[in-house]
Amino acid sequence: QVQFVESGGGLVQPGGSLRLSCTASGSISSIGAMGWYRQAPGNSHEVVARIFSRGSTVYADSVKGRFTISRDNAKNTVYLQMNSLKPEDTAVYYCKPVYQTSWGQGTQVTVSS
């Protein structure tokens, strides 16, 4: 089974940017939809963005126009570019195939002044 490792999180001021990476242990070329998700303290997981095998994307309303999901099948990596970050974006961010039910370790994003 392909494993995914998220990285790139950190502490950033409101209005700042971060780029998250999700690197797979094997090929993602045959994996269809990939997604980024997040979980804030006390909340359940929520979908942030999804990217399908042909490159089409879907975003949560709360991040439209600020976040961009992309995938590089040659590098077995999925990215999440996050701009104009807000305190309410603070959460642990996870990456996984849409069909997968288990979660990885995630990467913490904290937006605070």
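Predicted model, so just to flag it, every value in this text is computed and none were measured. Residue numbers run from 1 in the order of the sequence given.
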| said: For Trp36 and Phe67, I'd like to know if the aromatic rings sit close, meaning centre-to-centre distance below 6.0 Å. | reply: no
[X] and [Y]: same hydrophobic cluster, using ILVMFWY side-chain contacts below 4.5 Å?
{"X": "Val58", "Y": "Val78", "value": "no"}
{"X": "Val63", "Y": "Val109", "value": "yes"}
{"X": "Tyr99", "Y": "Ile28", "value": "yes"}
{"X": "Val2", "Y": "Met34", "value": "yes"}
{"X": "Val92", "Y": "Met82", "value": "no"}

| request: Using only heavy-atom distances, determine whether the side chains of Asp72 and Thr77 contain a donor-acceptor pair under 3.5 Å. | output: no
| message | Other residues, nucleotides and ligands only: do more than 12 of their heavy atoms fall within 6.0 Å of CD on Gln105? | response | no
Closest heavy-atom contact between [X] and [Y]?
{"X": "Ser17", "Y": "Asn83", "value": "OG-OD1, 2.9 Å"}
{"X": "Ser102", "Y": "Lys96", "value": "O-CD, 3.5 Å"}
{"X": "Pro97", "Y": "Phe4", "value": "CD-CE1, 3.4 Å"}
{"X": "Gly9", "Y": "Thr107", "value": "N-OG1, 3.0 Å"}

| request: Check the pair Leu80 / Arg19 against side chain to side chain contact (heavy atoms under 4.5 Å, CB included), numbers first and verdict last. | output: CA-CA 6 Å; Leu80 185 69; Arg19 187 176 81 155; over 6 Å; no
For [Y], is there any backbone N or O sitting under 3.5 Å from a side-chain donor or acceptor partner on [X]?
{"X": "Ser25", "Y": "Gln3", "result": "yes"}
{"X": "Tyr59", "Y": "Ile69", "result": "yes"}
{"X": "Arg66", "Y": "Ser84", "result": "yes"}
{"X": "Ser53", "Y": "Gly32", "result": "no"}
{"X": "Glu6", "Y": "Cys22", "result": "no"}

| task | Side-chain contact test, heavy atoms from C-beta onward, threshold under 4.5 Å: evaluate it for Asn76 versus Ser27 and give yes or no. | result | yes
| Going through the checks in order, is the side chain to side chain contact (heavy atoms under 4.5 Å, CB included) test met by Glu46 and Tyr37? | CA-CA 5 Å; Glu46 64 171 338; Tyr37 304 79; over 6 Å; no
| task | Could you tell me whether Arg71 sits above the aromatic face of Tyr79, with NZ or CZ closer than 6.0 angstrom to the six-membered ring centre and within 45 degrees of the axis? | result | no
How far does [atom1] of [X] sit from [atom2] of [Y], to the nearest 0.5 angstrom?
{"X": "Asp89", "Y": "Ser112", "atom1": "CG", "atom2": "OG", "value": "12.5 Å"}
{"X": "Tyr93", "Y": "Leu18", "atom1": "OH", "atom2": "CG", "value": "9.0 Å"}
{"X": "Ile51", "Y": "Ile31", "atom1": "CD1", "atom2": "CD1", "value": "13.0 Å"}

| Yes or no on side chain to side chain contact (heavy atoms under 4.5 Å, CB included) for Arg38 and Asn43, after CA distance, side-chain angles and deciding distance? | CA-CA 9 Å; Arg38 67 187 180 186; Asn43 292 351; over 6 Å; no
| query | Passes side chain to side chain contact (heavy atoms under 4.5 Å, CB included), Val12 versus Thr110? Steps please. | reply | CA-CA 6 Å; Val12 63; Thr110 302; over 6 Å; no
